[in-house]
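Values below: every heavy atom of this structure, side chains too, minus hydrogens, waters and symmetry copies. Given the structure is predicted, the values throughout are model-derived calculations rather than measurements.
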Amino acid sequence: MRPIIHCQLINDPFGDPGMYADIMFESRALLFDMGDVAGMASRKLLRVGHVFVSHAHMDHFAGFDHLLRLLLGRAKTVALYGPANFIDQVEHKLKAYTWNVIRNYTADLLFQVTEVAEGGALRNACFRSSLAFQREDLPETRMNGDGLASCGGLQVRCAILDHATPCLGFAVEEPAHVNVWKDRLDDLGLSVGPWLRDLKQAVLMQLQADTPITVLRRGDTGGASATLPLHALRDVVQVTKGQKIAYVVDVRYNPLNAERIRRLAFGADLLFIECAFLQVDAEQAARKNHLTAWQAGTLARQSDVKRLIPFHFSTRYRGRGEDLCAEADRAFRETSGSGELP
Ligand SMILES: [Zn+2]
């Protein structure tokens, strides 16, 4: 399967946490947390249409100013998501500046902000540059189960976790992935082209077998010219499970958090998870409401994820990052099945 979602950490594991998820073929990207984003290329930040902020501790949110400055004067809409009080926090950031001349800008920059309350209520507001970023409250909505947002064809789910303040964990999922077999297209005398997008959509929507699909025959010029029923094209495509990527950072290790993380991350291809402390310092981790590497690896194993990406290391271990990675990996591969901490 060719991955649609390409992920990377925005800083090294000792730097501010954050993950950039680039969506192939769509000129768009998602950003999970935005602490220090100064090292990111502007062209990458300009692709970001959705920002998911776990909580507003500075190392997760201070980069808002950088993004704001980059986007000023551009016609752009950015959706921001965060936990309770997040709308107020965005408003306070915007109110910290003087906007007396911004009405003269022709391009409108719009922030659509959603905060997640316990119980699944979503509070919404927007701030647009043409109104000097005055807050406009919008009607409250609700999460669909744990579904928070749709970004193109992707779904983003969230879990409210406890970090001595509400902290959101996220999972981004591609509902299904449709592959096209080029050799089978050739066998039918068909060529690749934009029509394949309609075919994929019809398959994903499970349209009726006799649904006509406009195709491009080999040698045709001037665009699509014929139709075939969907059932005649069934062998051309293969539907596979889509990608799933989970992002969990800044949580204390307790049974409710563990249960919510397992439910959120279950079966993910990639789990980005904080490994702030070594297990030998578990008391310190608990006091600071963070996970140890062993706890993170254990949660990753229990969630049946394919791969674990450790990050958000406490700077006290600078130069010993490999120890944190090794401990997380040991817990991830632990086969006793007990899931108990050492
Ligand atoms: Zn924090």
Side-chain angles (χ1 to χ4, degrees), residues 17-19 21 28-35 37 48-68 71-72 76-97 99 102 108-152 154-173 246-252 256-257 259-261 263-264 289:
M19 188 265 281
R28 79 165 87 200
L30 318 181
L31 187 60
F32 293 84
D33 279 337
M34 52 175 168
V37 295
V48 172
H50 293 74
V51 184
F52 299 90
V53 176
S54 60
H55 63 303
H57 280 158
M58 283 193 80
D59 53 336
H60 300 256
F61 189 44
F64 177 80
D65 287 27
H66 184 98
L67 183 69
L68 172 62
L71 297 180
L72 274 182
K76 170 110 178 148
T77 297
V78 178
L80 302 167
Y81 299 83
N85 298 321
F86 187 59
I87 294 173
D88 282 351
Q89 287 163 325
V90 172
E91 183 179 19
H92 293 319
K93 279 215 169 256
L94 290 166
K95 277 190 165 171
Y97 298 101
W99 301 111
I102 200 164
D108 203 11
L109 170 62
L110 171 65
F111 292 109
Q112 290 177 328
V113 189
T114 298
E115 66 179 43
V116 182
E118 190 72 51
L122 299 176
R123 298 194 184 98
N124 301 289
C126 70
F127 303 85
R128 62 184 82 231
S129 59
S130 56
L131 295 177
F133 294 119
Q134 286 301 305
R135 173 176 175 154
E136 300 169 68
D137 282 308
L138 300 171
E140 195 170 299
T141 51
R142 289 200 66 76
M143 283 210 288
N144 178 13
D146 61 359
L148 176 61
S150 296
C151 313
L154 305 176
Q155 295 295 320
V156 177
R157 300 191 295 115
C158 82
I160 302 175
L161 305 169
D162 176 16
H163 175 50
T165 183
C167 179
L168 303 180
F170 301 103
V172 54
E173 252 175 294
Y247 177 91
V248 173
V249 72
D250 287 36
V251 284
R252 57 169 58 159
L256 184 59
N257 273 345
E259 172 56 30
R260 288 181 175 184
I261 291 167
R263 204 180 317 143
L264 178 76
N289 303 293

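- Side chain of N257 to backbone of R252: a donor-acceptor contact under 3.5 angstrom is found.
- Contact check for V113 versus F86: side-chain heavy atoms found under the 4.5 Å cut-off.
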Audit row: K95, V90, side-chain contact (heavy atoms from CB on, under 4.5 Å) steps and yes/no: CA-CA 9 Å; K95 277 190 165 171; V90 172; over 6 Å; no
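- Going from atom SG of C126 over to atom CD of Q112 covers 6.5 Å, rounded to the nearest 0.5 Å.
- Checked by atom type and distance alone, the side chain of R142 pairs as donor or acceptor with a backbone atom of G119 at under 3.5 Å.
- The backbone N or O of L94 lies less than 3.5 Å from a partner atom in the side chain of W99, making a donor-acceptor pair.
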Step-by-step side-chain contact (heavy atoms from CB on, under 4.5 Å) determination, R157 to E173: CA-CA 8 Å; R157 300 191 295 115; E173 252 175 294; 2.9 Å; yes
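- Between R135 and I87, the closest side-chain pair of non-hydrogen atoms falls below 4.5 Å.
- A cation-pi contact, defined as under 6.0 Å to the ring centre and within 45° of the axis, is absent between K93 and F133.
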side-chain contact (heavy atoms from CB on, under 4.5 Å) evaluation trace for L161 with L264: CA-CA 11 Å; L161 305 169; L264 178 76; 5.6 Å; no
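- A salt bridge links R260 with E118: the closest approach of a Lys/Arg side-chain nitrogen to an acidic carboxylate oxygen falls below 4.0 angstrom.
- Note: Y81 and F52 have parallel aromatic rings, judged against thresholds of 30 and 60 degrees for the angle between ring planes.
- A distance of 13.0 Å separates OG in S54 from CD1 in I160, rounded to the nearest 0.5 Å.
- Smallest separation of non-hydrogen atoms from N124 and P139: ND2-O, 3.0 Å.
- Between D250 and H163, the side chains place a donor N or O and an acceptor N or O closer than 3.5 Å (distance only, hydrogens not considered).
- Atom CG of L30 is separated from atom CE of M19 by 8.0 Å, given to the nearest 0.5 angstrom.
- Taking a 6.0 Å sphere around CG of N144, one finds it holds 12 or fewer heavy atoms contributed by other residues, nucleotides or ligands.
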Full working for side-chain contact (heavy atoms from CB on, under 4.5 Å) between F32 and V53: CA-CA 6 Å; F32 293 84; V53 176; over 6 Å; no
